Peer 1: 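Let me give you the structure first, and then I'll get to my questions.
Numbers here are sequence positions counted from 1. Everything quoted here is computed from the prediction, not taken from an experiment.
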Amino acid sequence: MTTPSLPPANLASAFTAPAPPPPALRLPPRAKPEPVAVEETTLPVTTSREQKPKKNDAVRTTPRKPAAAAATKTMFSLPTSTHARMRQCRHSTGSTFAEQILTALEANAEHLEQLVHAHLPQIEQGPLFERLTKPRVTEPKSHITVYGLTTSHLDVIDRLVQDTQSPSRSALITAALEKWLAP
């Protein structure tokens, strides 16, 4: 077996210090910028968002909706059977849940108080005690999200809740919808 021969080494370079790195380049210092004269001007101050010009205002063809008329997302708790009839009505007529609620409230405006109280527990006088009767049938509730009711719609609904002494918006709307959607 033969061992490979190594090339002759220059051992002197192994024991000497490495050459120093080349000197770093130095840049001349930067000159300070000359001050520039600024002319003072005053700009008109706007305090309202409507006064500021918008880039799309020139092409807008429809007026902006007032903030009070903005549509909201509102939750109601309705009996499952009422919700099913609302879905059926939506598929047959194309009306939204918000339209159905508003139409039902308007159609039954004169009788809302009687309709609401018909769905509430009644007080029965027994021989010794008064007792609350339970509603006829307690059915499961569906929680629905209604889009398209504005804050002014909700203000009117809240006023109707107070006027009819309804326990909630959902109770008022349930009474109106059950009468309006009755088969």
Peer 1: Enumerate, atom names and distances included, each donor-acceptor pair closer than 3.5 Å involving a side-chain atom of residues 165-176, sequence neighbours excluded.
Peer 2:
unit_1 : atom_1 : unit_2 : atom_2 : d
Ser166 : OG     : Ser168 : O      : 3.0
Ser166 : OG     : Leu172 : N      : 3.3
Ser168 : OG     : Ser170 : N      : 3.4
Ser168 : OG     : Ala171 : N      : 3.1
Arg169 : NE     : Asp158 : OD1    : 2.6
Arg169 : NH2    : Asp158 : OD1    : 3.2
Arg169 : NH2    : Asp158 : OD2    : 2.9
Ser170 : OG     : Ser77  : N      : 3.0
Thr174 : OG1    : Ser170 : O      : 2.7

Peer 1: Within this structure, what is the CD-CD distance for the pair Gln125 and Glu130, rounded to the nearest 0.5 Å?
Peer 2: 5.0 Å
Peer 1: Nearest 0.5 angstrom please: Thr145 OG1 to Lys73 NZ, how far?
Peer 2: 6.5 Å
Peer 1: Residues sharing Phe129's hydrophobic cluster, by side-chain heavy-atom contacts under 4.5 Å among ILVMFWY, directly or via others?
Peer 2: Leu128
Peer 1: Report the residues that fulfil side chain to side chain contact (heavy atoms under 4.5 Å, CB included) with His83, sequence neighbours left out, ordered by chain and then residue number.
Peer 2: Arg87, Phe97, Ser142, Ile144
Peer 1: Assess whether atom NZ of Lys141 is packed by more than 12 heavy atoms of other residues, nucleotides or ligands within 6.0 Å.
Peer 2: yes
Peer 1: Nearest 0.5 Å please: distance from the CE atom of Met86 over to the CG atom of Leu78.
Peer 2: 6.0 Å
Peer 1: Once ring-ring contact (aromatic ring centres under 6.0 Å, His included) is applied, what residue pairs with a partner in residues 145-183 remain, sequence neighbours excluded?
Peer 2: none
Peer 1: If you look at every heavy atom in Leu149 and Leu154, which pair is closest and at what distance?
Peer 2: CD1-CD2, 4.1 Å
Peer 1: Can you tell me how far CG of Leu102 sits from OG1 of Thr150, rounded to the nearest 0.5 angstrom?
Peer 2: 8.0 Å
Peer 1: To the nearest 0.5 angstrom, please state how far the OG1 atom of Thr164 sits from the CG atom of Leu115.
Peer 2: 10.0 Å
Peer 1: Do Ile101 and Val161 land in one hydrophobic cluster if side-chain heavy atoms of ILVMFWY residues count as linked below 4.5 Å?
Peer 2: yes
Peer 1: Just jot down the side chain to side chain contact (heavy atoms under 4.5 Å, CB included) partners of Glu124, sequence neighbours excluded, or say none.
Peer 2: Thr133
Peer 1: Looking at residues at least two apart in the chain, or sitting in another chain, which of them share a salt bridge (charged side-chain N to carboxylate O under 4.0 Å, His left out) with Arg85?
Peer 2: none
Peer 1: Using every non-hydrogen atom in the two residues, find where Pro79 and Glu178 come nearest and quote the distance to one decimal.
Peer 2: CG-OE2, 3.6 Å
Peer 1: Output all residues satisfying side-chain hydrogen bond (donor to acceptor under 3.5 Å, both in side chains) with Asp155, sequence neighbours left out; order by chain, then residue number.
Peer 2: none
Peer 1: Test: side chain to side chain donor-acceptor pair (under 3.5 Å). Region: residues 105-115. Which pairs qualify, not counting sequence neighbours?
Peer 2: none
Peer 1: Check whether any side-chain heavy atom of Arg90 lies under 4.5 Å from a side-chain heavy atom of Thr96, and answer yes or no.
Peer 2: no
Peer 1: Go through the structure and list residues passing side-chain hydrogen bond (donor to acceptor under 3.5 Å, both in side chains) with Ser95, not counting sequence neighbours.
Peer 2: Thr93, Gln100
